[in-house]
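Just below is one structure, and these are the notes that go with it.
Everything numeric here is computed off the predicted structure, so don't read it as measured data. Every number for a ligand or one of its atoms is a count from 1 in the order of the listing. Positions are given from 1, in the same order as the sequence printed here.
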Amino acid sequence: MTDHYRAVIVGGGVAGCSIAYHLARMGWRDVVVLDKGELTSGSTFHSAGLVGQLRASVALTRINMASVALYDRLREETGRDPGWRQVGSLRLASSKERLLELRRQAGWARTFGFPLTVISAREAVDLFPLMSPKDLEGAAYLPTDGHIDPDGFTYALAEGARAKGVTFRTGVRVQAITVKGGRVSELLTDQGTLKTEVVVNAAGIWAPEVGLMVGVRLPVIAMSHQYLTTKPIEGVRRDFPTMRDPDRLVYFREEVGGLVVGGFERHPAPWGLDGIPPDFTHRLLPPDWERFSPLLENAVTRVPALANAQVIRLINGPEAYTPDGEFILGEAPGVKGFFVAAGFCAHGIAGAGGVGQVMAEWIVEGRPSLDLRQMNVGRFRAHHADRDYALGRVMKIYSTYYDIRHASGERRPGRARFRAAARLPDAAQPRRWRSGRQAEA
Ligand SMILES: Cc1cc2nc3c(=O)[nH]c(=O)nc-3n(C[C@H](O)[C@H](O)[C@H](O)COP(=O)(O)OP(=O)(O)OC[C@H]3O[C@@H](n4cnc5c(N)ncnc54)[C@H](O)[C@@H]3O)c2cc1C
């Protein structure tokens, strides 16, 4: 396999396929997507598929809105059903403080034109009648949210891209990337060499590995995330909205008459800190019931019918997290033509449509149409290269994910390391994440 492509995308997950689809829509057909396994064989195949649009930043909200705008068009264009179900979403307030937060969010939602309303506890129970009204102060209801089948969505994107000329090669592992004169020029795979001017690192939890092939250090930590699925439960309807109960740290959605129940535990678990095993393709981690039990107890207090439900399985999959909880997007400083789209912090399905669009704009036009400085790969500094710093931050981000944000809040973990790194002269700092060019020819 010796070939030339205008762009090579490393990773056939939802992100890589969306970028390929959007590049093709913008007229770049000479594009190949490579995956060491099959499409979706990273985090994508085991995603819970919830799609919520309202986020804490304008950019991320716009990205997720672009995703939702894509789903129907994609089905019409490709004839392939991405499995989108616009059932709406409920975000519960199980405390007075949370209700205040939801009211603030309703104002924020109006700035985007979302039809989000704060409804009473009674109205929320009407929408999700299996829910107990215990401690319920009210809820935010957004009818345009929903859930999507991650596999169906990814394959529809791939179908759309393929129809426009994009090539997909699965079972091909990228092993090295050559940089010449400060720009990417070649990829070495286990099946030959490809020449190209653009490489997109959409390799999920393997993104740091692929980054290091050109000397770019990406502070991505794989975190184990779990949800269970149940057999059908009497009373569960297909049109149930997705439901998040942040005070109880849990989320729910309907699946084949049963429920998907997941959450963000207070004592999360990183995985693969010393490297992701090379044979970890289309695989899950062993279920960790002990860690999941507090979430399950919380879930049962909100949906008592779960106490008697039959569990099909507890899914435990790794997901790529970043020290500030933001995506990593854009062209890496110092290596022209090397783009990154990774670190989706358990929102990669919801974000994928918009991510594909902004990444394609960035590659084709030189800049994205949204202000993405919060997500820009160029935001990292020396201290981010320190694994313990990144890990401390990621643990905090994950364990407090559902907490109410206060303006005065500060993320403390890693502060000492940050200050130490900042005081040191440049040469003595931990290896700079973007310094070396290991493959420079
Ligand atoms: C349990 C769980 C539940 C989740 N639930 C949700 C949810 O409800 N909503 C939501 O929005 N998000 C959710 N997520 C997150 C979402 O699934 C991910 O953010 C998303 O799938 C990431 O997609 P990706 O394309 O970046 O990475 P991946 O899907 O991991 O794809 C990366 C691909 O790169 C390939 N690759 C890596 N290295 C190489 C190499 N050297 N050569 C060739 N190929 C390579 C891999 O084989 C893989 O297929 C969840 C995640 C988990 C783990």
Report summary line: When Arg238, His147, Arg85, Arg237 are each screened for side-chain hydrogen bond (donor to acceptor under 3.5 Å, both in side chains) with Glu254, the one that passes is Arg85
Query raised in the report: Does ligand 1 have an atom that lies less than 4.0 angstrom from a heavy atom of Val172?
Result: yes
Query raised in the report: Do Gly12 and ligand 1 have an N or O pair less than 3.5 Å apart?
Result: no
Query raised in the report: What atoms of ligand 1 come within less than 4.0 Å of a heavy atom belonging to Ala350?
Result: 10 (C), 11 (O)
Requested in this report: Tell me which protein heavy atom sits closest to atom 38 (N) of ligand 1, plus the residue, atom name and distance to 0.1 Å.
Outcome: Trp206 CB, 3.5 Å
Query - Under-4.0 Å heavy-atom contact with ligand 1, by part of Leu39 that carries it - result: neither
Query raised in the report: With distance as the sole test, does Asn201 use its side chain to make a donor-acceptor pair with the main-chain N or O of Ala207 at under 3.5 Å?
Result: yes
Query raised in the report: Is there a nitrogen or oxygen of Ser43 sitting under 3.5 Å from a nitrogen or oxygen of ligand 1?
Result: yes
Query raised in the report: Among side-chain atoms of Arg302 and Ser94, is any donor-acceptor pair under 3.5 angstrom?
Result: yes
Query raised in the report: Any ion pair linking Asp403 and Arg405 (charged N to carboxylate O, less than 4.0 Å)?
Result: no
Report summary line: The closest protein heavy-atom partner of atom 10 (C) of ligand 1 is Ala346 O, 3.4 Å
Query raised in the report: Has ligand 1 got any nitrogen or oxygen that is less than 3.5 angstrom from a nitrogen or oxygen of Val10?
Result: no
**Report entry** Contact (N/O only, under 3.5 Å) between Gly348 and ligand 1
**Finding:** yes
Query raised in the report: If you measure from the Lys or Arg side-chain nitrogens to the Asp or Glu carboxylate oxygens, is any gap between Asp324 and Arg379 under 4.0 Å?
Result: yes
Report task. Would you check, one step at a time, whether the test side chain to side chain donor-acceptor pair (under 3.5 Å) holds for Arg291 with Ser224? Result -> CA-CA 11 Å; Arg291 193 154 47 82; Ser224 140; 2.7 Å; yes
Report task. Please determine if Asp247 and Arg91 form a salt bridge, counting it only when a charged side-chain N lies under 4.0 Å from a carboxylate O. Result -> no
Query raised in the report: Is Lys164 positioned over the aromatic face of Trp28, cation under 6.0 angstrom from the ring centre and no more than 45 degrees off axis?
Result: no
**Report entry** Enumerated ligand 1 atoms positioned under 4.0 Å from heavy atoms of Ser41
**Finding:** 47 (O), 49 (O)
**Report entry** Structural part of Tyr227 in contact with ligand 1, heavy atom criterion under 4.0 angstrom
**Finding:** side chain
Query raised in the report: Which ligand 1 atoms does His46 reach within 4.0 Å, using its non-hydrogen atoms?
Result: 1 (C), 2 (C), 3 (C), 52 (C), 53 (C)
Requested in this report: Sequence neighbours left out, what passes side-chain hydrogen bond (donor to acceptor under 3.5 Å, both in side chains) with Arg367? Give chain and number order.
Outcome: none
Query raised in the report: Which of the numbered atoms in ligand 1 are below 4.0 angstrom from a heavy atom of Gly317?
Result: 53 (C)
Report task. For atom 25 (O) of ligand 1, grab the closest protein heavy atom and report residue, atom and distance to one decimal in Å. Result -> Ala15 N, 3.0 Å
Report task. Flag the pair Glu159 and Arg75 as a salt bridge only when some basic side-chain nitrogen lies within less than 4.0 angstrom of an acidic carboxylate oxygen. Result -> no
Requested in this report: Could you list the residues that satisfy side-chain hydrogen bond (donor to acceptor under 3.5 Å, both in side chains) with Thr400, not counting sequence neighbours?
Outcome: none
Query raised in the report: So between Cys17, Ala202, Gly42, whose heavy atom ends up nearest atom 32 (C) of ligand 1?
Result: Ala202
Report task. Provide the number and element of each atom of ligand 1 under 4.0 Å from a heavy atom of Phe344. Result -> 19 (O), 26 (O)
Requested in this report: Mark yes or no for whether Thr61, through its side chain, and Arg55, through its backbone, hold a donor-acceptor pair below 3.5 Å.
Outcome: yes
Query raised in the report: Would you call the rings of His384 and Tyr389 parallel, tilted or perpendicular if under 30° counts as parallel and over 60° as perpendicular?
Result: perpendicular
Report task. May I ask you to list the atoms of ligand 1 that are less than 4.0 angstrom from any heavy atom of Pro318? Result -> 53 (C)
Query raised in the report: Counting heavy atoms only, which part of Glu209 comes closer than 4.0 Å to ligand 1: side chain, backbone, both or neither?
Result: neither
**Report entry** Geometric N/O contact Glu319 with ligand 1, under 3.5 angstrom
**Finding:** yes
Report summary line: Of all protein heavy atoms, the one nearest atom 34 (O) of ligand 1 is Gly11 CA, 3.2 Å
**Report entry** Ion pair check, Arg73 and Glu76, cut-off under 4.0 Å
**Finding:** no
Query raised in the report: Looking at atom 29 (O) of ligand 1, what's its closest protein heavy atom, distance included?
Result: Thr44 OG1, 2.5 Å
Query raised in the report: Can you tell me which residue and heavy atom of the protein come closest to atom 50 (C) of ligand 1, and the distance to 0.1 Å?
Result: Ser47 OG, 3.7 Å
**Report entry** Backbone of Gly12 reached by a side-chain donor or acceptor of Asp35 within 3.5 Å
**Finding:** yes
Requested in this report: Do me a favour and list the nearest non-hydrogen protein atom to atom 48 (C) of ligand 1 with residue, atom name and distance?
Outcome: Asp35 OD2, 3.3 Å
Report task. Looking only at distances, please establish whether an N/O atom of ligand 1 is found under 3.5 Å from an N/O atom of Ile205. Result -> no
Report task. Considering the heavy atoms of Ala48, write down every atom of ligand 1 situated less than 4.0 Å from one of them. Result -> 3 (C), 4 (C), 5 (N), 6 (C), 8 (O)
Query raised in the report: Do any nitrogen or oxygen atoms of Thr281 lie less than 3.5 angstrom from nitrogen or oxygen atoms of ligand 1?
Result: no
Query raised in the report: What part of Cys345 sits under 4.0 Å from ligand 1 if we count only heavy atoms: the side chain, the backbone, both or neither?
Result: neither
Query raised in the report: What protein heavy atom sits nearest atom 9 (N) of ligand 1, and how far off is it?
Result: Leu50 O, 3.0 Å
Report summary line: If we number the atoms of ligand 1 from 1 as shown, the ones under 4.0 Å from a heavy atom of His347 are 10 (C), 11 (O), 12 (N)
Report summary line: In terms of heavy-atom contacts, Ser43 and Pro318 come closest through OG-O, 2.8 Å
Query - Polar side-chain atom of Thr189 near backbone of Val174 as donor-acceptor pair, under 3.5 Å - result: no
Report summary line: Of Val174, Val260, Leu285, the residue with the heavy atom nearest atom 41 (N) of ligand 1 is Val174
